[in-house]
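So the structure is just underneath, and the comments pick up after that.
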Amino acid sequence: MKYCRSCLTPDTRPNGRFNNLGICLPCEFAADGEKENYDKRLEELRKHVHKLTRTTKKSRWQCIIGVSGGKDSTRQALWAREKLGVNPLLVSIAYPPKQISYVGAHNLSNLISHGFDTMILGPAPVLSRELVREAFLRFCNWCKATEMALFSGVPRVAIQKRIPLIFWGENPALQVGDAGTLATSIWDGNSLVNSNTLAGGSLGWFTEVAGSASILEMYRFPNREQFRKHRVQTIFLGPAWKDWSGEKNTRVALVNGLQFRGGDPRASGDILGTSMVDEDWTIVNMLLKYYKFGFSRGTEYANELIRSGVISREEAIPYAELDEGCDDCYIKSFCKYINISDLQFWNTVRKFANPALFDLSGIRPRKKFMVGTDLANA
């Protein structure tokens with residue numbers, strides 16, 4: 001494992017890449033962004049949005065934004081309405097009742113209270129739990145099932161409602177590092193289909209669990225021909241958003257009524273207490289990601305701070321070391337939901353954990369690397 005020379009992104013990131021100087025894609029973009037005029041980019045975005053929405057000016061909605069009610073989607077909805085002058089239809093693919101948290105339900109209600117029309121869709125609860133269980137046992141990634149519903153629901157509604165424009169917050173290639181989503185334009189989000197989630201999103205195993213493909217429409221991402229036929233375009237907002245960050249989004253959302261998770265970050269890996277708070281088992285999935293790739297959301301937050309110039313790479317290491325934060329209570333709760341034992345959980349984790357990065361001789365894997373130091377030099 002090697003690290004970006006500028007931040008704490010390791011080369012184990014799926015779809016990640018470094019340039020010949022050992023710099024990751026988001027750090028390259030951040031360095032170029034310092035030379036860009038964000039006001040100029042915002043004006044470019046406005047012109048692009050106007051062109052795509054000129055036939056829907058008299059319609060009730062000019063665009064769709066996928067939301068959970070969390071910090072990012074709250075700020076996206078407010079920003080699109082205030083900065084771009086559009087009236088969005090918000091679409092939330094909600095978790096089943098046994099999974100969604102009270103905080104998550106409150107935050108979605110809070111977002112609606114700001115005057116947005118909102119459509120809430122939810123996958124069938126029993127099937128959702130079966131898919132979550134299978135995704136964990138088969139891939140050690142329970143979100144593989146729910147993320148397909150989250151990604152697929154918004155464009156399906158756009159096609160159904162004949163709304164030609166979908167807004168997405170950050171550009172995953174330029175702001176996170178998923179190079180699969182790179183397109184010819186920094187605004188073009190139609191390449192999301194090539195993201196790490198969707199590129200491996202075959203519904204074959206879904207059908208094995210469901211017994212029939214006919215009940216999987218909630219999880220089926222529209223194909224390129226459907227996008228072209230209905231002239232649906234996905235646009236990234238992030239490139240025109242100079243202060244887009246987890247910390248800034250948190251501040252804006254809290255002022256506008258967001259509730260946070262709270263608690264010790266060492267128990268959740270959630271440093272700000274506002275990351276993916278609509279349910280708690282994402283904390284478990286972040287731990288699984290850590291065991292497979294050697295990084296998780298603590299590292300992502302550390303990288304944000306580095307790229308914004310708030311702290312140095314060395315000062316960011318303690319944040320990245322919170323990647324392993326996941327209290328046993330979250331693991332036990334998750335195991336109860338999908339009806340497996342703690343032993344079965346850890347056996348599955350060790351099956352998928354990276355033996356080059358972790359010592360797998362005990363129940364819980366132990367890291368063999370030092371954050372920020374190439375493994376060969378650790």
| query | Do F358 and Y290 make the cut of ring centroids closer than 6.0 angstrom? | reply | yes
| Residues that, via side-chain heavy atoms closer than 4.5 angstrom, fall in one hydrophobic cluster with I23 | L21
| request: Begin from the C-alpha positions of F151 and F221 and carry the test ring pair (Phe, Tyr, Trp, His ring centres under 6.0 Å) through to its verdict. | output: CA-CA 7 Å; F151 273 104; F221 193 81; 7.2 Å; no
| Between R133 and E130, is the closest basic N to carboxylate O distance under 4.0 Å? | no
| Heavy-atom pair with the smallest gap, counting every atom of M1 and D11 | CA-OD1, 3.6 Å
| field | D323 side chain to T299 side chain, donor-acceptor N/O pair below 3.5 angstrom | value | yes
| message | For residues 82-92, which residue pairs pass the side chain to side chain donor-acceptor pair (under 3.5 Å) check, not counting sequence neighbours? | response | none
| Taking the six-membered ring of F227, is the NZ or CZ of R224 close enough (under 6.0 Å from the centre) and on axis enough (within 45°)? | no
| field | N-O pairing of E217 and R220 below 4.0 Å | value | yes
| Should the pair W79 and W241 be assigned to parallel (<30°), tilted (30 to 60°) or perpendicular (>60°) ring geometry? | parallel
| Does CD in E314 sit with more than 12 non-hydrogen atoms of other residues, nucleotides or ligands closer than 6.0 Å? | no
| task | Tell me yes or no: between the side chains of D278 and Q99, is some donor less than 3.5 Å from an acceptor? | result | no
| Any ring-ring contact (aromatic ring centres under 6.0 Å, His included) pairs touching residues 51-77, not counting sequence neighbours? | none
| task | Indicate the atoms forming the closest heavy-atom contact of N303 with C7, along with that distance. | result | OD1-CB, 3.3 Å
| query | With sequence neighbours excluded, what pairs up with R313 under the salt bridge (Lys or Arg N to Asp or Glu O under 4.0 Å) test? | reply | none
| Do NZ/NE/NH1/NH2 and the carboxylate oxygens of E44 and K47 come within less than 4.0 Å? | no
| request: Considering only Ile, Leu, Val, Met, Phe, Trp and Tyr, and joining two whenever side-chain heavy atoms are under 4.5 Å apart, list the other residues clustered with F352. | output: none
| Remaining members of the apolar cluster that contains F260, side-chain heavy atoms under 4.5 Å | L254, L258
| Thinking salt bridges, do E247 and R251 make one under a 4.0 Å N-O criterion? | yes
| remark: In short, R297 meets R261 closest at the heavy-atom pair NH2-NH1, 4.3 Å
| note | Nearest heavy-atom contact between W187 and H48 is CB-CD2, 4.3 Å
| field | Check: D359 main-chain N/O paired with R366 side-chain donor or acceptor under 3.5 Å | value | no
| task | Mind telling me whether W281 and F334 have parallel, tilted or perpendicular rings, with 30° and 60° as the class edges? | result | perpendicular
| said: Can a donor-acceptor pair be found, under 3.5 Å and without considering hydrogens, that links the side chain of R162 to the backbone of Q160? | reply: no
